[in-house]
Every structure is written in C-alpha cells, then in structure tokens.
Visitor: 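Right, I'll just put the structure down here and ask away after.
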Protein chains: 2
Amino acid sequence: MTSSKTGNINTWLSHLQEETKFSISVDCVIFGYDSSKLKVLLIDCNMPPYEGRKSLIGELLEAKETTTQAARRILKNCTSLKDLYLEEVSVYSNPDRHPLGRVVTLAYYSLISIADYEKHIVDAANKRLEWIDLEDINKLAFDHQEILTDAYNRLQRTVREKPIGFSMLPKKFTLIQLQNFYETVLNIEVDRRNFRRKLMALGLLIDLQEVQDNVSHRPAKLYSFDFEKYKQKQNIGTLNFEI
Amino acid sequence: MTSSKTGNINTWLSHLQEETKFSISVDCVIFGYDSSKLKVLLIDCNMPPYEGRKSLIGELLEAKETTTQAARRILKNCTSLKDLYLEEVSVYSNPDRHPLGRVVTLAYYSLISIADYEKHIVDAANKRLEWIDLEDINKLAFDHQEILTDAYNRLQRTVREKPIGFSMLPKKFTLIQLQNFYETVLNIEVDRRNFRRKLMALGLLIDLQEVQDNVSHRPAKLYSFDFEKYKQKQNIGTLNFEI
DNA sequence: CCAAAAGTGTTGCCTTTACACCCATGT
DNA sequence: ACATGGGTGTAAAGGCAACACTTTTGG
C-alpha cells in the first residue's frame, strides 16, 4: 500500500527504501548576452532518441550537496566562473522525461557576460559547448525546451525587478548598451529619453567619467552599476528597482 | 570520481546507481482564510528531535507520479477537496535537513476557503490536523519554518498578480470581506473607496443582486468573481489584474 | 432614535508617455 | 563637410492617494 493512508511526515521511516528512491539531476540554463543577442550555452546530445539535438548542461546530484551547490559545480565546470547569478526555475518530474530511467531534475538559470566568459573559457571544444541565439533554439533534447521556456519567463520577470541584468553586461557599459539589453531580453522597445531619465533617477549608476574608444561617432559615456549602494538601499527599504 | 569530469547529460548512464539515488518528498503549505485570519493546516510531529512541534503535511514521492500529482494526492487525502489552487515554492535539499536520512523535498502551497473545507472534512481528528493562525507559528519541525516563510512570500506576490485570493473566500462575498482578505494577507491597510473603485474597474466582479442576511446593520451587497471572463481577458491579452 | 457598518466623488500630485532637435567624434 | 550615433527637455494624460459625509438596517 502507498503512503496515502498515513499522510504524515512522521511515518516516513518505513518508506526510505530503495523502491522509492530517485536519481536527481540539476540542469543549468546559462544565458549569455553579446552583440545585442541573448544566447544560451548548450551541449550536443548524443543519447537516443535525441541524437543530433542540443541539450542544457546538467549533472547528477551528488550524495552530500544541495541542488544549489550542484548548480554552482556545473557552472564552474563549464565556465570557470564563480559567483554567477543563480536562480531556481522549477522541478521537472515526469516519469518518462528521461530515456535512461526515472530522473527528477531541478532547473536553474544563470547569467553571464559573454565577453567575460570568453576570457575564462577552458576547454569548450572538448565539451562541445556552444552559445546559441535564443531565437534559433526550437527543439532541444528531453524536456529541455520546456525548461528553457520556463527559465526565460522567469528571467524576463526578474530582470524587471532586480538589477540582475548587469551580470550580463561588461562592467563598464553605455546607457544605450543597457537599453539595448532590456529591449532584447524583454522583447520591447523603449523611448531613449524616458529610459535614461528612469535609470538615472534610480541613483545607482556610477558615472565613470570615461567615454567609449574607437568609435566612429560621438563616443558615449561609460557607467557602472553601484552594487554597494543597491545593497544599502535594499537594507533600509528605500529601494524601488523597476524597469 | 564524481561526474565533474563529464559535465554532460549524455554521460549519465553510468550514474543511475543506488549510491546516487535519493528519497524525494512533497510538502504542502495549505493556507486557509477565515474570520479575517490567515491560517495554515499543520500536523503534530512526533519524530525526534522534533517531538511536540508541528510540521507541514508531506509524503514521499511515489514511483510513477510527478511531484505535482503527489501534491494533489496529499491535498485530497487531508482535505477531501479537489481542484485546489496549487503552486510550486522551491526545493529543499540540505543533506541534514531530515533526521531519517537524505530526503530532498519539493514544497507547494495551496489555498482553501476554510468554510468550504469544514464541509468536506473527514477525519481531521485521526490525522491530528489543525488550522493554526499564521502569526502564531514560529517553530515548526525540520526546515518547515523556512519553507513556510518562502511559501508566504510567494503567496503575497502571487495574490497581487492573479485572482487566487478568491479561492480563499466563500463563493459569495462582500467587497469589505474581499478588502479584509487583501489587508490580512498583504499586511497592509487600504482606503475603502479606492479599493472598491479599483476592483469594480476590473469588470470581473458579478453583482449577485443579493445582500447579507442576519447582520445588525445595513447589509452589504454580495458579489462573486467572474472566472470565465477572467480567462477570456487573459487569452486576448486584455488583462491587467493588479491589486 | 441610536449604533454600526455600507456606500459614494472630488482633488492634487506624481508617474508615464509621447515627441524633435542639437552635439561630438571619425572619416 | 558629412555621416553616425549620443545626448537632452517639455507638455499632456492617466493613475494613485488622500480625504468626510450620507445611507440603510437591526435593536
């Protein structure tokens, strides 16, 4: 009989048995931004019946780690970057979702400035990792297309509420780069003047007193995001970050 | 060696072994609303070292079900209600979180009109289930206090964006009941006139042309929520539900 | 007629949107 | 000098918050 009769967390003792144990994996949707394009880091899949498709990057959960730790391990393995932004997306537990057997997966998404990534990349060739434009992705292996959709929805929401977008831009950026980023990720168009006024009003951009170099037009001013001030405002409840 | 070397979903074959399998549970935070109080359905915990505390209601995931299905099974077992609102909260996977061993849990929250629940309640006495005022809950068993906090944050957010609050009210309600509900859940006070104007402007409340009974003052008009119209507006993108 | 809660409008302010012209640099 | 993208201000409209008195019922 199932545990339906008991309905109590206290009755689990008899159930911690092999028949009710599952493999757990963690899949990472790694978003990157470069040249006004939103991209995802994918790997070739060669597992039947998905040969030829691409998949997200995932590994099995190990015995002594949390799912978050597993996600960080995966990120470090394939990007050599630490301290990346990381957010949980959802759990995917359809019994038939994986051809090798019952694997419940936790999806996370993470954000990278591709320029930074390129500097740290180790052996992408070995791992067959590739940045693919989000708009070109349509048939991933397993249920990864669904995971990607969920992750992107989550990203679109969070990017409006928290300053996570700055994780996907170079440390020094122009206001127009910033605007292009939001327009790309949110798939909207915004008025340049209104955008600038709003962002400057937040009081969280540091004017670096520098300008672009090597551009064949009037060079734009460079800014960076004031994470310190953001944290302070967050703590004292003054914050109102809304794009 | 760990799977770190492989980093590829395709290399999992060798890992679907007992040593990397886990018990998975699903815990439900069941919120109920009654008499201007937000409550949670809890059960007594008698597992060391948490004897005497209360815990959320949870069961182990079974072999052939998704976590969502497990959550619905739990809800049906302890409330006899179907089609309740259900939303995923998060995963909790600290290796030491459960005294019986490694149990990774998925938390969901659900919403109930306690008045409706009372009608369907079967054997709450047997199961030692109890509605506890949210404000009186402070030391749950396991990591359930953390889960509850996360679930409540999620509820507060979602209740502003979607009409889930109506799941916690009687089918016929007065505008003041509705206002009290939002004030309680969001822990804010709102102006009565502004609240009414906003809600009526949504065009989603049906005036039932009935009034309260047995009240020793001017009886209030009764309304119900127009779920049909809401779905339509959602589909054609006309929707702007924001409290 | 009194108590108790229901119901109703207006105003000022702030936020958001729409919109067009000059500026700095490289070639 | 010209081409290219960078930078700036203002006005109108809409949404939001603040506020007090009248109405209906039961006792």
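Below, all heavy atoms of this structure are taken into account, side chains as well, without hydrogens, waters or symmetry copies. Computed from a predicted model, the values in this text were never measured in an experiment.
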Visitor: Check nucleotides 10-16 of chain D for protein N or O atoms closer than 3.5 Å to its own N or O atoms and list the pairs.
Guide:
{"from": "D:dT10", "atom 1": "O4", "to": "A:Arg197", "atom 2": "NH2", "distance (Å)": "2.9"}

Visitor: Measuring only between side-chain heavy atoms, which start at C-beta, is B:Ile30 closer than 4.5 Å to B:Ile74?
Guide: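 When only atoms from C-beta onward are counted, B:Ile74 and B:Ile30 do not touch, as no gap falls below 4.5 Å.
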
Visitor: Which whole-number value in Å describes the distance from A:Leu178 CG to D:dG5 P?
Guide: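 Nearest whole value for this atom pair: 19 Å.
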
Visitor: Heavy atoms of chain B, cut-off under 4.0 Å: which first and last nucleotide of DNA chain C, 5' to 3', fall inside that, if you could look?
Guide: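 Terminal contacting nucleotides, 5' to 3': C:dA4 to C:dT10.
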
Visitor: Please enumerate all residues that pass salt bridge (Lys or Arg N to Asp or Glu O under 4.0 Å) together with B:Glu130, with sequence neighbours excluded.
Guide: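 Listed in chain order: B:Lys54.
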
Visitor: Mind checking side chain to side chain contact (heavy atoms under 4.5 Å, CB included) for A:Asp207 and listing every partner two or more places apart, or none if nothing turns up?
Guide: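 Result, side chain to side chain contact (heavy atoms under 4.5 Å, CB included) vs A:Asp207: A:Gln209, A:Lys221, A:Tyr223.
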
Visitor: Expressed as a whole number of angstroms, how long is the span from A:Ile176:CD1 to D:dG7:P?
Guide: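 A:Ile176 atom CD1 is separated from D:dG7 atom P by 6 Å.
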
Visitor: Quick one: does any side-chain atom of B:Gln212 pair with a main-chain N or O of B:Leu222 as donor and acceptor, under 3.5 Å?
Guide: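 Side chain of B:Gln212 to backbone of B:Leu222: no pair is present.
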
Visitor: What is the distance from CG of B:Asn214 to C1' of D:dT25, rounded to the nearest Å?
Guide: 12 Å

Visitor: Can you name the salt bridge (Lys or Arg N to Asp or Glu O under 4.0 Å) partners of B:Asp150, sequence neighbours left out?
Guide: none

Visitor: Where each residue is assigned the nucleotide of DNA chain C containing its nearest heavy atom, which of B:Thr174 and B:Asp191 is assigned the position nearer the 5′ end?
Guide: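 Nearest nucleotide further toward 5': that of B:Thr174.
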
Visitor: Without decimals, in angstroms, what is the distance between A:Asp207 CG and D:dG6 P?
Guide: 16 Å

Visitor: Hey, does B:Thr184 have a side-chain heavy atom less than 4.5 Å from the side chain of B:Tyr33?
Guide: yes

Visitor: Write down the distance between CD1 (B:Ile188) and P (D:dA18), rounded to a whole number of angstrom.
Guide: 12 Å

Visitor: Starting from the 5' end of DNA chain D, give me the residue, B:Arg193 or A:Arg196, whose nearest nucleotide shows up first.
Guide: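 The 5'-side residue here is A:Arg196.
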
Visitor: Would you kindly give the CG-to-P distance between B:Asp213 and D:dT24, to the nearest whole Å?
Guide: 18 Å

Visitor: If you compare every side-chain N and O of A:Arg192 against the phosphate oxygens of D:dG6 (OP1, OP2), does one of them come in below 4.0 Å?
Guide: no

Visitor: Without decimals, in angstroms, what is the distance between B:Arg218 CZ and D:dT24 C1'?
Guide: 5 Å

Visitor: What residues form a salt bridge (Lys or Arg N to Asp or Glu O under 4.0 Å) with B:Glu135, not counting sequence neighbours?
Guide: B:Lys37

Visitor: Tell me if the aromatic rings of A:Phe225 and A:Phe173 count as close, with their centers under 6.0 Å from one another.
Guide: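 No, the ring centres sit 6.0 Å or more apart.
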
Visitor: Could you tell me whether the side chain of A:Arg160 and the main chain of A:Ile243 form a donor-acceptor pair under 3.5 Å?
Guide: yes

